[in-house]
Enquirer: 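For reference, the structure I am asking about is given below.
When a residue number appears, it is its place in the shown sequence, counting from 1. Both counts, for ligands and for their atoms, begin at 1 and track the order of listing.
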Amino acid sequence: MIPADDELGPAARRLAAARRVVVFTGAGVSKESGIATFRDSEDALWDKYDPMEMATMEGFVRDPSYVWSWYQYRFGLIDDCRPNPAHVAIAELERLIPELTVVTQNVDGLHQRGGSSTVLELHGSMHRFKCLHGRHTGFTREQIEKWRGRPPRCPACGELVRPDVVWFGEMLPEDVLEEAFRLARRCDVMLVVGTSGVVQPAALLPQAARETHAFVIDVNPERGESARAAHMFLQGAAGEVLPRLLQATRELAAQNGMPI
Ligand code: OAD
């Protein structure tokens, strides 16, 4: 199911008139690249794996090899996949809007690979690594793959090394979170794409945007929690809806005499 042109028109008009846009994304935006979401689908990760084992400090310390093997599997998936039309459309939208920031809960790096230039990663990145207590950070996969010993250990302190992602029970990076809320409170439009809207504090961003003054548009195949703060719900897969929304916004920008 995809929205009709008369539904996309009003959303495109908001975007074409906006000076500041935040695109807030979740796992659904990467679904059409072949990366499973955490919830709400037949191959959902948290239905197959226990998040308390795979995504907590306690689970990691209990069985680091098991958690690492899960990440190895996910690295393989990410290496083999490509940004999909939704990532590309979001990157292209940058050319039409004076200030556009992607705020993502995803750790896959696909927005950057799709061409987006400003991406705030609320839940960290699977492409960076740090030692257990975060004293030594910024290791790359190339580095850790060269180290002997599995699971890898920090060459500086000998602690276990882990992906620099936010696990359950952990704080989000404070500077990134603050910047995300600052941008949410000053944007004209927030485009919410492919998130269930149930994981805090990220899930509060659309409401924060709406309460200030933004027009909030939610894109998702299912109307769920994330649509609560939205003024407009565009039902459909991100890879189908966003390229059409981009095209409609481009046409309006061209009519307004904007170079495209
Ligand atoms: P979820 O897995 O909770 O939700 C995915 C959303 O994507 C659902 O609302 C789906 O309906 C929607 N969806 C599925 N296919 C889609 C498509 N083709 N286009 C658009 N939307 C689609 O993912 P998140 O909301 O990102 O946290 O989950 C938030 C956090 O929960 C994650 O960052 C992760 C997880 O536990 C941590 O690991 C800390």
Side-chain angles (χ1 to χ4, degrees), residues 1-3 11 23-60 67 70-71 74 77-78 81-90 102-111 114 119-128 162-173 176-177 180 190-207 217-230 233-246:
M1 165 152 195
I2 45 173
V23 183
F24 172 50
T25 66
V29 78
S30 295
K31 170 89 175 165
E32 288 150 274
S33 292
I35 301 185
T37 59
F38 295 94
R39 307 172 182 80
D40 303 340
S41 71
E42 67 293 339
D43 57 350
L45 287 173
W46 293 156
D47 290 341
K48 287 204 237 163
Y49 302 97
D50 179 354
M52 292 304 117
E53 283 179 22
M54 299 305 189
T56 62
M57 182 70 126
E58 295 72 25
F60 179 63
V67 176
W70 190 58
Y71 276 99
R74 292 177 69 200
L77 278 182
I78 287 176
C81 79
R82 293 153 55 102
N84 69 55
H87 297 107
V88 175
I90 291 168
V102 176
V103 175
T104 189
Q105 298 163 89
N106 299 346
V107 297
D108 56 28
L110 282 172
H111 282 300
V119 182
L120 295 183
E121 294 175 313
L122 287 172
H123 292 166
S125 167
M126 264 175 56
H127 300 281
R128 289 190 306 269
R162 54 166 282 184
D164 196 352
V165 299
V166 176
W167 283 333
F168 287 100
E170 295 182 331
M171 304 290 279
L172 276 63
V176 180
L177 186 64
M190 178 177 278
L191 192 54
V192 180
V193 185
T195 179
S196 54
V198 297
V199 175
Q200 302 294 357
L204 294 171
L205 282 166
Q207 190 60 38
I217 304 165
D218 188 62
V219 178
N220 199 305
E222 307 292 335
R223 185 188 281 270
E225 202 56 34
S226 65
R228 272 177 180 267
F233 176 62
L234 298 178
Q235 185 160 26
E240 292 176 22
V241 176
L242 292 187
R244 290 181 55 220
L245 186 57
L246 171 71

Enquirer: Considering only heavy atoms from C-beta outward, does the side chain of Leu122 approach that of Val166 to under 4.5 Å?
Expert: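 They are not in contact (no side-chain heavy atoms under 4.5 Å apart), so the answer is no.
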Enquirer: What verdict does the side-chain contact (heavy atoms from CB on, under 4.5 Å) test give for Asp108 and Cys81, after you've listed the backbone C-alpha separation in whole Å, the side-chain angles of each residue and the deciding distance to 0.1 Å?
Expert: CA-CA 10 Å; Asp108 56 28; Cys81 79; over 6 Å; no
Enquirer: Using heavy atoms and a threshold below 4.0 Å, how should the contact between Arg39 and ligand 1 be classified: side chain, backbone, both, or neither?
Expert: both
Enquirer: Give me the atom names and distance for the closest heavy-atom approach of Ala238 to Pro243.
Expert: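 Scanning both residues, the minimum pair turns out to be O-CD, 3.6 Å.
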Enquirer: I need the nearest protein heavy-atom contact for atom 34 (C) of ligand 1: residue, atom name and distance, please.
Expert: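 The answer is Phe38 CE1, 3.6 Å.
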Enquirer: Within the 4.0 Å heavy-atom shell around Val166, which atoms of ligand 1 are there?
Expert: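 With Val166 as reference, the close atoms of ligand 1 come out as 37 (C), 38 (O), 39 (C).
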Enquirer: Which atoms of ligand 1 have any heavy atom of Phe168 under 4.0 Å away?
Expert: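 Answer for ligand 1: 36 (O).
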Enquirer: For ligand 1, which atoms, with element, lie under 4.0 Å from some heavy atom of Gly26?
Expert: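 Listed by number with element: 26 (O).
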Enquirer: Within this structure, what is the OG1-CG distance for the pair Thr104 and Leu110, rounded to the nearest 0.5 Å?
Expert: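 Rounded to the nearest 0.5 Å, the OG1-CG separation comes out at 9.0 Å.
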Enquirer: If I apply the N/O under 3.5 Å rule, does Val198 come out as touching ligand 1?
Expert: no
Enquirer: Can you sort out which atoms of ligand 1 are near Glu32, meaning under 4.0 Å from one of its heavy atoms?
Expert: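 Listed by number with element, the hits are 17 (C), 18 (N), 19 (N).
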Enquirer: Which atom names give the shortest non-hydrogen contact between Gln235 and Pro221, and what distance separates them?
Expert: NE2-O, 2.7 Å
Enquirer: What's the shortest distance from atom 30 (C) of ligand 1 to any protein heavy atom, and which residue and atom give it?
Expert: Val199 CG2, 3.7 Å
Enquirer: Mind checking whether Thr195 has an N or O less than 3.5 Å away from an N or O of ligand 1?
Expert: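 The answer is yes, given that Thr195 and ligand 1 share an N or O pair closer than 3.5 Å.
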Enquirer: Between His123 and Leu172, does a side-chain contact (heavy atoms from CB on, under 4.5 Å) hold up when you go through it step by step?
Expert: CA-CA 6 Å; His123 292 166; Leu172 276 63; 4.0 Å; yes
Enquirer: Which atoms form the tightest heavy-atom contact between Gly26 and Gln105, and what is the distance?
Expert: CA-NE2, 3.8 Å
Enquirer: Report the nearest protein non-hydrogen atom to atom 8 (C) of ligand 1: residue, atom name, distance rounded to 0.1 Å.
Expert: Asp40 OD2, 3.4 Å
Enquirer: Of all the non-hydrogen atoms in the protein, which one sits nearest to atom 15 (N) of ligand 1, and at what distance?
Expert: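 Of every protein heavy atom, Lys31 CG, 3.7 Å lies nearest to atom 15 (N) of ligand 1.
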Enquirer: Mark yes or no for whether Ser226, through its side chain, and Thr195, through its backbone, hold a donor-acceptor pair below 3.5 Å.
Expert: yes
Enquirer: Flag the pair Glu121 and Arg128 as a salt bridge only when some basic side-chain nitrogen lies within less than 4.0 angstrom of an acidic carboxylate oxygen.
Expert: yes
Enquirer: Does any N or O in the side chain of Asp164 come within less than 3.5 Å of the main-chain N or O of Ser125, such that one atom is a donor and the other an acceptor?
Expert: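 Checked: no pair found.
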Enquirer: Should Gly224 be listed as contacting ligand 1, given a heavy-atom distance under 4.0 Å as the test?
Expert: no
Enquirer: Report the C-alpha distance between Phe38 and Val198 in whole Å, list the side-chain angles of each, state the deciding distance to 0.1 Å, and finish with yes or no for side-chain contact (heavy atoms from CB on, under 4.5 Å).
Expert: CA-CA 11 Å; Phe38 295 94; Val198 297; over 6 Å; no
Enquirer: Is Trp46 in contact with ligand 1, taking contact as a heavy-atom separation below 4.0 Å?
Expert: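 Within the 4.0 Å threshold, so yes.
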Enquirer: For atom 22 (C) of ligand 1, grab the closest protein heavy atom and report residue, atom and distance to one decimal in Å.
Expert: Pro221 CD, 3.2 Å
Enquirer: Counting both backbone and side chain atoms, is some N or O of Asn220 under 3.5 Å from an N or O of ligand 1?
Expert: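 In this structure, Asn220 places an N or O atom under 3.5 Å from an N or O of ligand 1.
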Enquirer: What is the nearest protein non-hydrogen atom to atom 6 (C) of ligand 1, stated with its residue, atom name and distance?
Expert: Gly194 O, 3.5 Å
Enquirer: Consider every N or O of Gly236 and every N or O of ligand 1, then say whether any pair is closer than 3.5 Å.
Expert: no
Enquirer: If you have a sec, work out which protein heavy atom is nearest atom 17 (C) of ligand 1 and how many Å separate them, to one decimal?
Expert: Gly28 O, 3.3 Å
Enquirer: Return yes or no for this condition: an N or O of Ala27 is under 3.5 Å from an N or O of ligand 1.
Expert: yes
Enquirer: Apply side-chain contact (heavy atoms from CB on, under 4.5 Å) to residues Arg228 and Gln207 and explain how you reach the verdict.
Expert: CA-CA 8 Å; Arg228 272 177 180 267; Gln207 190 60 38; 5.9 Å; no
Enquirer: Going by distance only, is there an N or O of Glu222 that falls short of 3.5 Å from an N or O of ligand 1?
Expert: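 Not met; the criterion fails.
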Enquirer: Tell me which protein heavy atom sits closest to atom 29 (C) of ligand 1, plus the residue, atom name and distance to 0.1 Å.
Expert: Gln105 OE1, 3.3 Å
Enquirer: Run the salt-bridge test on Lys31 and Glu222 with the 4.0 Å N-O cut-off and return the result as yes or no.
Expert: no
Enquirer: What about Ala238: any of its N or O atoms under 3.5 Å from an N or O on ligand 1?
Expert: yes
Enquirer: Looking at every non-hydrogen atom in both residues, tell me the closest pair between His111 and Val119 and how far apart they are.
Expert: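 It is CB-CG2, 4.0 Å.
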Enquirer: With respect to atom 27 (O) of ligand 1, which of Glu240, His123, Glu170, Gln200 exhibits the smallest heavy-atom separation?
Expert: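 Considering heavy atoms of Glu240, His123, Glu170, Gln200, the nearest to atom 27 (O) of ligand 1 sits in His123.
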